[in-house]
Protein chains: 2
Amino acid sequence: MTVTVSTTAVAADQHDQEFALLAKALGHPARVRILRLLLARDACYCGEIVDELPLAQATVSQHLKVLREAALIVGKIEGLHTCYWADRDRLGELHQLIGGLLAEAVDVNTDGCT
Amino acid sequence: MTVTVSTTAVAADQHDQEFALLAKALGHPARVRILRLLLARDACYCGEIVDELPLAQATVSQHLKVLREAALIVGKIEGLHTCYWADRDRLGELHQLIGGLLAEAVDVNTDGCT
DNA sequence: ATCGTTGATCGCAAATCAACGATGGCGCAC
DNA sequence: GTGCGCCATCGTTGATTTGCGATCAACGAT
């Protein structure tokens, strides 16, 4: 087991990695749109998502894959259709990560340059 | 002035655009690291950031540019040095955007597929 | 005026991403 | 079995990103 003494540089790096991974997955409007759609609808079929977006089926599938790899959404084959839904907790993780950043040293914001 | 009636599709698109823009800027570990560094230190010179990262000066400068373009950080030339600091409010915007997403329809999370 | 320092920018190479048509697997209907 | 609809994946194209050395502009010091 690794020592969990403090915010080691290594641990922080992994933090950054995780943060970046999540942020990157949401770094494209189409993917934000898809996630919003899934959050609003609780769950829906891939076809509905394709219908909703001005993109080819292959492209949407690609975006879904990126979101899946970031674990922001889950897909389950259901006979003919594939059902997708958002993992709210996973998005919550990103929310918390940012919250953690914002909490770091909240004090004077005036320019301490000079 | 535009009508602010409801969450128009167009407005939502702009929302997604903004969301993606911010997320994309944070979609690289080095940039997360830089932002963390600036948040922790309130403000610091470019050189210090370069020293802190295992990257060449040109690369760091490039990352700083991306963060600047996303308005997540601010840079001010100060004689020889350039002083950078984080815009906490801007990061807060992303935080809120995610919060807004999470708020959308918080109910049954069981699979409504079948 | 000529350095040395700082940091932004240019230009290049490698890697990755975005979008799409085409293909293929899989399940259902016949 | 054959055919069809759904969707993941492959392969290709063009655009963007990443990382870096080299260069350049601005500035302070000599």
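Chain naming here is simple, since letters A, B, ... match the order of the sequence lines and numbering starts at 1 in each.
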Self-check item: Rounded distance (Å) that lies between atom C1' of dC6(D) and atom CD1 of Ile49(A)
Solution: 13 Å

Practice problem: Could you tell me the separation between the CD atom of Glu48(B) and the C1' atom of dG7(C), rounded to a whole number of Å? | Solution: 14 Å

Practice problem: Take atom CG of Leu21(B) and atom P of dT17(D), then tell me their distance rounded to the nearest Å. | Solution: 11 Å

Exercise. Go through residues 55-68 of chain B and report each residue with a non-hydrogen atom lying under 4.0 Å from DNA chain C, sorted by number.
Key: Gln57(B), Ala58(B), Ser61(B)

Exercise. Check Trp85(B) against Leu38(B) and note the closest heavy-atom contact, atom names and distance.
Key: C-CD1, 4.2 Å

Quiz prompt | Contact summary for Leu22(B) and Ala70(B), nearest pair of heavy atoms | solution = CD2-O, 4.0 Å

Quiz item: Any side-chain N or O of Thr82(A) less than 4.0 Å from the OP1 or OP2 oxygen of dA8(D)?
Solution: yes

Quiz item: Tell me: OH of Tyr45(B) to C1' of dG28(D), nearest whole Å?
Solution: 14 Å

Quiz item: Between Lys24(A) and Glu18(A), is the closest basic N to carboxylate O distance under 4.0 Å?
Solution: no

Quiz item: Considering all heavy atoms of both residues, which atom of Leu67(B) and which atom of Ala25(B) are nearest to each other, and what is their separation?
Solution: CD2-O, 4.0 Å

Self-check item: Whole-Å gap separating C1' (dG7(C)) and CD (Glu52(B))
Solution: 18 Å

Practice problem: Take the angle between the ring planes of His28(B) and His63(B) and call it parallel below 30°, perpendicular above 60°, tilted in between. | Solution: tilted

Exercise. Respond yes when some side-chain nitrogen or oxygen of Lys24(B) is under 4.0 Å from OP1 or OP2 of dT17(D), and no when none is.
Key: yes

Quiz item: Whole-Å distance between dG7(C) P and Ile34(B) CD1?
Solution: 13 Å

Practice problem: Check the distance between dG24(C)'s P and Ile77(A)'s CD1 and give it to me in whole angstrom. | Solution: 19 Å

Exercise. Would you kindly give the NZ-to-P distance between Lys76(A) and dA8(D), to the nearest whole Å?
Key: 15 Å

Quiz item: At under 4.0 Å, does any side-chain N or O of Tyr84(A) touch on OP1 or OP2 of dA8(D)?
Solution: yes

Quiz item: Which residue lies toward the 5' end of DNA chain C, Gly79(A) or Gly27(A), if each is placed at its nearest nucleotide?
Solution: Gly27(A)

Quiz item: Between Leu102(A) and Arg88(B), what is the shortest heavy-atom contact and its length?
Solution: O-NH1, 3.2 Å

Quiz prompt | Stem segments of DNA chain D by first residue number [Watson-Crick or G-U, under 3.5 Å, at least 3] | solution = C:1-30 with D:1-30

Quiz item: Between Glu52(B) and Arg41(B), is there a salt bridge with N-O shorter than 4.0 Å?
Solution: yes

Quiz item: Got a donor-acceptor contact below 3.5 angstrom from the Arg31(B) side chain to the Val66(B) backbone?
Solution: no

Quiz item: Do Leu101(B) and Leu21(B) belong to the same hydrophobic cluster, where Ile, Leu, Val, Met, Phe, Trp and Tyr are linked whenever their side-chain heavy atoms lie under 4.5 Å apart, directly or via other members?
Solution: no

Quiz prompt | side-chain N/O His81(A) vs dC28(C) OP1/OP2, d < 4.0 Å | solution = no

